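We're numbering straight along the sequence, starting at 1. Remember, predicted model here, so these are calculated numbers, not experimental data.
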Amino acid sequence: MAPRALWKGQLRLSLVSIPVEIFSATKTSARVSFRQIHQPSGKRVRYEKSVPGLGPVKSEDIVKGYEVSDDEYILLDPDEIDAIKLETKKTFELVQFVDACEISPLYFNKPYYITASDDLAQDAYRVVRDALRKAGKVGLGQVTMRGKEYLAAVKPCGDGLLMETLHYEDELREADEIFTDIEDEKVDKELLDVATSLIDRKSAPFDAGAYHDKYAEALQELLDAKIKNKKTPRVHADDDGGSGGGENVVDLMSALKESLKAADGKKPKKKTTRKKAS
């Protein structure tokens, strides 16, 4: 199945606007995934959005809430959030150009492919790609996808353009607080020479195809063996098409809290939470 574009709009360079589409450069379909099964009944475990005392709730009845104090929230309608006008929802403008080595690896988040939307846009698309390659630069700009405005870097990638989302500066933790216990002393010269020699011997061009997820491969082998083994326990978790009634739906958090109260023999202390969006 053809990949679906995550974003469609204009890639702008000064007065030049190019219709483009953005696609994820990574995929997760090859990963082994599991369903949670209730072993005694053989039924699939389901998670439903519910309200204590009411049971399951409809998606259209759910709005976003921002906590301003303990158990007090400001409510926002989805339309109010969608109404926020950001040019970057439809326009990705390259506003600055830097050498790739100027951006610390800490900032890079996730890769995406940018492609021209139609044949008429390809000429301008190729000009931007080749100009970036000739200048040896990376273009920076901001783009809004899936309800978030990202800082992003664009650079040539083969016949096309690669976009990498970047973390904002305030999203990164200072390294000093992690490395504070490492003493600043000179290392033994002989040990350093041996380590450097070892690195030189094992140096080679990067080949991503030489590396494989050994855990995923071993897990798949285990699954294949169990599928072939007729003695492997099996269940038929048919989709019953519903929850079986609101009165039977258990809110996981409420159940855990009740279990804690029963175990302690007393009411739990009221917790204090920091402000957050939910």
Side-chain angles (χ1 to χ4, degrees), residues 1-29 63-64 66 74 76-175 205-209 276-277:
M1 185 172 63
R4 182 173 61 89
L6 301 177
W7 187 89
K8 295 181 180 181
Q10 304 287 323
L11 178 66
R12 182 184 296 169
L13 175 59
S14 189
L15 299 179
V16 178
S17 293
I18 310 167
V20 297
E21 298 179 351
I22 296 177
F23 298 84
S24 175
T26 60
K27 58 182 181 179
T28 58
S29 57
V63 296
K64 293 184 180 295
Y66 180 80
I74 291 176
L76 294 172
D77 189 271
D79 291 338
E80 293 180 290
I81 297 176
D82 292 339
I84 296 176
K85 301 298 183 183
L86 285 176
E87 187 179 2
T88 52
K89 286 184 176 181
K90 289 297 181 182
T91 302
F92 179 15
E93 182 173 5
L94 301 180
V95 297
Q96 183 185 0
F97 299 89
V98 301
D99 293 330
C101 60
E102 290 184 45
I103 306 175
S104 167
L106 283 171
Y107 284 93
F108 290 100
N109 184 18
K110 188 176 180 181
Y112 297 84
Y113 294 129
I114 301 179
T115 184
S117 295
D118 52 56
D119 293 342
L120 295 177
Q122 287 193 18
D123 284 342
Y125 177 89
R126 286 192 292 265
V127 169
V128 172
R129 178 200 63 193
D130 292 349
L132 286 171
R133 181 172 285 130
K134 183 177 181 180
K137 299 289 184 179
V138 170
L140 296 177
Q142 290 177 280
V143 60
T144 297
M145 298 189 301
R146 295 177 173 178
K148 180 179 178 180
E149 188 175 52
Y150 294 91
L151 174 62
V154 176
K155 62 183 178 182
C157 177
D159 292 332
L161 291 171
L162 178 70
M163 180 187 87
E164 294 179 274
T165 55
L166 306 175
H167 293 291
Y168 288 103
E169 186 177 35
D170 60 3
E171 293 178 319
L172 297 180
R173 177 177 288 135
E174 290 292 336
F206 175 65
D207 178 13
K276 61 181 180 180

Pair Leu6-Arg146, side-chain contact (heavy atoms from CB on, under 4.5 Å): steps then yes or no: CA-CA 8 Å; Leu6 301 177; Arg146 295 177 173 178; 2.9 Å; yes
Stepwise side-chain contact (heavy atoms from CB on, under 4.5 Å) test for Thr91 and Leu11: CA-CA 6 Å; Thr91 302; Leu11 178 66; over 6 Å; no
Return the minimal non-hydrogen interatomic distance between Ala124 and Val16, and the atom names on each side. CB-CG1, 4.4 Å
CG (Asp159) with more than 12 external heavy atoms under 6.0 Å: no
If you measure from SG on Cys157 to CZ on Arg133, what distance do you get to the nearest 0.5 Å? 8.5 Å
How many angstroms lie between CZ in Phe92 and OG in Ser17, if you round to the nearest 0.5 Å? 13.0 Å
Is the closest side-chain heavy-atom distance between Val143 and Met163 below 4.5 Å? yes
Are Glu87 and Arg12 within salt-bridge range, i.e. N to O under 4.0 Å? yes
Gln10 and Pro19, any side-chain heavy atoms less than 4.5 Å apart: yes
Is Trp7 reaching over with its side chain to a backbone N or O of Glu21, donor-acceptor style, under 3.5 angstrom? no
Heavy-atom side-chain proximity of Met145 to Tyr150 below 4.5 angstrom: yes
Residue pair Glu80 / Lys64, side-chain heavy-atom distance below 4.5 Å: no
In a table with atom names and distances, give each donor-acceptor pair under 3.5 Å that connects a side chain of residues 98-115 to protein atoms at least two apart or in another chain.
residue, atom, partner, partner atom, Å
Asp99, OD1, Lys137, NZ, 2.8
Glu102, OE2, Asp99, N, 3.2
Ser104, OG, Leu106, N, 3.2

Side chain to side chain donor-acceptor pair (under 3.5 Å) involving Arg126 - partner list, sequence neighbours excluded: Gln122, Asp123
Between Val138 and Leu132, does the side-chain contact (heavy atoms from CB on, under 4.5 Å) criterion hold? Intermediate values first, please. CA-CA 7 Å; Val138 170; Leu132 286 171; over 6 Å; no
Sub-4.5 Å side-chain heavy-atom contact between Leu161 and Tyr125: yes
CA sep, side-chain torsions, deciding dist, call: Val127, Leu13, side-chain contact (heavy atoms from CB on, under 4.5 Å): CA-CA 11 Å; Val127 169; Leu13 175 59; over 6 Å; no
Stepwise salt bridge (Lys or Arg N to Asp or Glu O under 4.0 Å) check, Lys89 with Glu149: CA-CA 8 Å; Lys89 286 184 176 181; Glu149 188 175 52; over 6 Å; no
Find the distance between CG (Leu140) and CG (Leu151) and round it off to the nearest 0.5 Å. 6.0 Å
